[in-house]
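Dropping a structure here in structure tokens format, bear with me for questions.
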Amino acid sequence: MAQITPIDSAAEAREHQKRNDETALLVRVRDDGDRGAFEHLFELFAPRITNYVRSLGVESAGPDAITQDVMLAVWTKARLFDAEKASARTWIYTLARNRYIDIKRSKHREAKAFERLKYDPRTVVDKGDGPANYVDASSVAELLNDIPREQAEVIILAFVEGYSHREIAERLGISIGTTKSRVRLAFKKLRERMGVTI
Amino acid sequence: MDYALGNLPEAFETILTAHVGTCCSCRSDVALAERLGGEMLARGNVSRSVRGFGDMDGLPDMDPDVHVQHSRAVDVGSNGGFDFFVQTCLKYSSDSFRWRRLGGGLQICRLTEQDNIKMWLLKARPGQVLPQHTHEGSELTLVLKGAYFCGEDLFKVGDIEDADETTSHQPMVTGNEDCICLAATEGSLRFDSLIARIAQKIVGI
């Protein structure tokens with residue numbers, strides 16, 4: 001797992017600026033049909049969506065094709081984006097998540113995803129650049145650095161590896177009740193943190 | 001979190017969609033999870049580029065009339081009880097329910113079964129005490145009408161009870177009206193009493 005480090009306010013300020021820039025691009029797509037702004041968003045998000053989709057175990061469906069579906073939805077449905085309700089990155093994430101749900105419903109999740117259960121969650125974020133490791137370790141540390149390790153662990157397994165509560169419980173050898181409890185405690189701290197900075 | 005990330009079987013999703021629509025606390029949690037997902041996505045590693053659409057001039061027209069639910073944290077307003085949930089949230093027609101009497105005032109209606117998860121409705125009279133039981137896996141129960149106690153916890157219309165294999169409970173209907181619940185149950189229930197287990201063989205819950 002990523003090392004817990006003090007909050008880097010300069011890094012957070014840069015992230016804040018990036019978040020605002022992304023949202024400004026999406027607003028240009030929405031309001032003006034700006035193809036240049038869309039191209040920029042594509043460059044920023046398409047590779048990340050592909051890694052996200054791979055992390056969820058969707059392989060044979062074609063991560064690139066799924067990414068193109070999601071980015072096409074960013075373009076065609078941009079008029080539904082409300083910058084007052086969400087940042088561009090949150091909105092695009094929900095489009096990718098929704099597409100994943102559609103695929104999951106049409107086809108059972110591949111057994112390949114579950115093979116990752118053998119991975120050690122304590123090292124998962126530090127492992128190379130494989131498809132199961134789509135989140136940068138230092139960035140996760142920035143987000144989760146004031147959360148106790150055991151709580152950060154369940155958040156990482158869910159968001160980075162795509163595990164369900166039950167899969168996390170099995171992987172960590174804890175009860176599903178303990179898993180949910182750790183999620184609740186992590187969310188409580190994240191709400192305080194993200195309510196201010198994001 | 002499972003709901004926000006799309007990690008739940010369809011029956012559990014159906015129940016949580018109905019609950020989240022009427023519960024501001026859960027909507028807040030879902031919104032937080034989606035924001036966190038957005039941060040994870042935007043801060044993600046980039047290992048290689050993805051084939052684009054070629055000439056951006058080849059993009060299709062933007063859709064002027066799209067109705068898509070982007071966030072799962074949608075407020076459907078204050079709930080109006082059984083009919084509201086059935087029509088607005090669950091997309092069922094109450095006319096299609098085929099209730100089956102179990103005796104003692106209990107009735108059930110089986111809706112779906114997929115991947116060892118059954119979704120069913122349970123109707124019980126005021127004051128009725130259900131048999132003590134536990135579960136083989138997860139169970140979500142949404143109150144559509146009336147109310148019931150489980151131990152010291154009161155579950156009213158719109159509330160959801162989250163149980164699993166570590167939970168042993170005995171719901172008791174309270175108030176002056178029938179209680180109707182929508183439940184999604186993984187595996188079978190495990191009843192303590194012999195009579196309940198015999199009834200279970202017949203009914204198949």
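Quick caveat, the model's predicted, so the values are computed rather than measured.
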- Looking at CG of B:Asn7 and CD1 of A:Ile168, how far apart are the two atoms once the value is rounded to the nearest 0.5 Å? 8.0 Å
- Calculate, to the nearest 0.5 Å, the distance between atoms OG and CG belonging to B:Ser71 and A:Asn98 respectively. 9.0 Å
- Message: Show the nearest heavy-atom pair for residues A:Arg97 and B:Leu5, with the distance to one decimal.
- Response: CG-O, 3.8 Å
- Message: If I measure from the heavy atoms of chain B, does A:Ala158 come under 4.5 Å with its side chain, its backbone, both, or neither?
- Response: both
- Query: Which region of A:Phe187, side chain (C-beta onward) or backbone (N, CA, C, O), has a non-hydrogen atom less than 4.5 Å from a non-hydrogen atom of chain B, or is it both or neither?
  - Reply: both
- Query: At a heavy-atom separation under 4.5 Å, does A:Arg30 approach chain B through its side chain, its backbone, both, or neither?
  - Reply: backbone
- Backbone N or O of A:Ser164 within a donor-acceptor pair of the B:Asp2 side chain at under 3.5 Å? no
- Do you know the tightest heavy-atom contact between B:Arg43 and A:Arg48? C-NE, 4.5 Å
- Closest approach of A:Val154 to B:Met1 (non-hydrogen atoms, all atoms of both residues): O-CE, 4.2 Å
- Task: Any chance you could measure A:Tyr93, atom OH, to B:Leu41, atom CG, to the nearest 0.5 Å?
- Result: 8.5 Å
- Proximal component of A:Lys180, with respect to chain B [non-hydrogen, under 4.5 Å]: side chain
- Part of B:Leu8 within contact of chain A (heavy atom distance under 4.5 Å): backbone
- Item | Pair B:Asp164 + A:Arg166, salt bridge at N-O below 4.0 Å | no
- One should read off an interatomic distance between A:Leu190 CG and B:Arg35 CZ, to the nearest 0.5 angstrom, of 10.0 Å
- Carboxylate-amine/guanidinium proximity below 4.0 Å for A:Arg89 and B:Glu34: no
- Task: Pick one of side chain, backbone, both or neither for B:Ser28, based on which atoms fall under 4.5 Å of a heavy atom in chain A.
- Result: both
- Correct closest heavy-atom pair for A:Phe159 and B:Leu36 would be CE1-CD2, 3.5 Å
- Task: Report the distance from atom CG of B:Leu32 to atom NZ of A:Lys188, rounding to the nearest 0.5 Å.
- Result: 13.5 Å
- Task: Could you tell me the separation between the CG atom of A:Asn51 and the CE atom of B:Met40, rounded to the nearest 0.5 Å?
- Result: 14.5 Å
- Message: Less than 4.5 Å to any heavy atom of chain A: does that hold for the side chain of B:Ala31, its backbone, both, or neither?
- Response: neither
